[in-house]
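Data block below; observations after.
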Amino acid sequence: MEKGKVIKSTGDMPLVKLETGEIVSCKLRGIFKLEKKKILVGDVVLLTQSTNRAYRIDKIIERKNELVRPAVSNVDQIMIVFSIESPPLSLELLDTFLSVIESKQSIEATIIINKSDLDRDQKIQEIAKGYQKIGYQVVAISATDESNLDQVRALLKNKTTAFAGPSGVGKTSLLSKLLRNEDLEIGEISNKSNKGKHTTKVVELFEINVSSFVFDTPGFTTVDLYEIELDELEDTFIEFREYKNKCRFRECSHIKEIGCEIQKQVQNGKIDKERYDRYVSFYEKLKKKDEVREKSHKHYKGKKRFIK
């Protein structure tokens, strides 16, 4: 058997890059269809070659992790790309991305702030300082004049990286610069909505070198806060982790309880008040979702069933 990595999903014939460097189109074993197993871009697979030199995927090596939207696997880090202007950076949306990523298994989050050439009010420095304080890597770049792209390239080394972030912030433009591939399709900002027109349509894995890969990922312009369970939320705010076990009550929501260490650290300035306020907002949204779900469940259980 030969080993390879799935670099593009094309229905029943995914493209796989072999360890030899050759890229081949592969069929799937029938058992994949019977067991409804999907091949994901990023999968490491074992293949066999028939006498007519056709390749077939026989086995998927156990995945380190996998994402549903976009459907990719074995991600080491996600670079969240926002622009400081055009469109303007939303800290609420940034924190939503961070929380959803933190809820995933074994994936690092890195913040990239693009269009630094438009930062006339020097907002980036203040924003970066706050997120660096709690442990995130933040890089301010300009894909237009290529400032600080070498820092991004250094962070890609020996990792498989996905790019996420709202439309119009320059993800595809950044990726084309990093890969030195100007043929990647790039969208423009809509003047009416000031939102980007999404152009990337197919998930594809690009090789930077033998140990560094980047995904081009459609469907990663938004994330859904409701992917997180209510009891997971506190762990997705990484600055809480040091203090959460010091709360008076074991199941503290960190909102109104007496003896809450998180609230104490907010008052002391150790935890950023604005980040904490966004935590409260996220908590209330997830709590409401749970209440609606519970109410719906009780309503269903309370109904009588009649069998004809």
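The structure displayed is predicted, hence computed values, not measured ones. Start at 1 with the first residue, then count along the sequence.
A salt bridge between Lys273 and Asp277 is present, with a side-chain N of the basic residue lying under 4.0 Å from a carboxylate O of the acidic one.
The number of heavy-atom neighbours closer than 6.0 Å to CD1 of Ile258, taken from other residues, nucleotides and ligands shown, is 12 or below. Residue Lys59 places its NZ atom among 12 or fewer non-hydrogen atoms of other residues, nucleotides or ligands, all under 6.0 Å distant. Shown here is Lys27, whose NZ atom has no more than 12 heavy atoms of other residues, nucleotides or ligands within 6.0 Å. Dense packing is recorded around CD of Glu291, with more than 12 heavy atoms of other residues, nucleotides or ligands lying under 6.0 Å away. Counted within 6.0 Å of CD on Gln125, heavy atoms from surrounding residues, nucleotides or ligands total 12 or fewer; the atom is thus considered open.
In terms of heavy-atom proximity, Phe220 sits nearest to Ile78 at CZ-CD1, 3.8 Å. Across all non-hydrogen atoms, the minimal contact from Gln263 to Tyr276 is CG-OH, 3.6 Å. Between Thr236 and Tyr136 the shortest heavy-atom distance is O-OH, 4.5 Å. Among all heavy-atom pairs drawn from Ser73 and Gly42, the shortest one is OG-C, 3.2 Å. When every heavy atom of Phe237 is checked against every heavy atom of Ser99, the shortest pair comes out as CE1-OG, 3.3 Å.
A cation-pi contact, defined as under 6.0 Å to the ring centre and within 45° of the axis, links Lys5 to Phe213.
You'll find the side chain of Thr221 stays beyond 4.5 Å of the side chain of Pro166, heavy atoms only. Proximity of Asp224 to Val100: side-chain heavy atoms (C-beta onward) are nowhere separated by under 4.5 Å. At least one side-chain heavy atom of Ile134 sits under 4.5 Å from a side-chain heavy atom of Arg275. Side-chain atoms of Ile39 and Ile60, non-hydrogen and from C-beta on, do get closer than 4.5 Å to each other. The shortest side-chain heavy-atom distance between Glu92 and Phe282 falls under the 4.5 Å cut-off. Put simply, the side chain of Lys115 does not reach to within 4.5 Å of the side chain of Glu85, judged on heavy atoms. By the 4.5 Å heavy-atom criterion applied to side chains, Leu155 and Thr110 are counted as neighbours.
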**Request:** Dump the intermediate steps for side-chain hydrogen bond (donor to acceptor under 3.5 Å, both in side chains) on Ser212 and Asn209, then the final yes or no.
**Result:** CA-CA 5 Å; Ser212 306; Asn209 55 49; 3.0 Å; yes

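Residues Phe215 and Phe206 place their aromatic rings such that the two centres sit no closer than 6.0 Å.
A perpendicular orientation is assigned to the rings of His254 and Phe240, their planes being inclined by more than 60° (bins at 30° and 60°).
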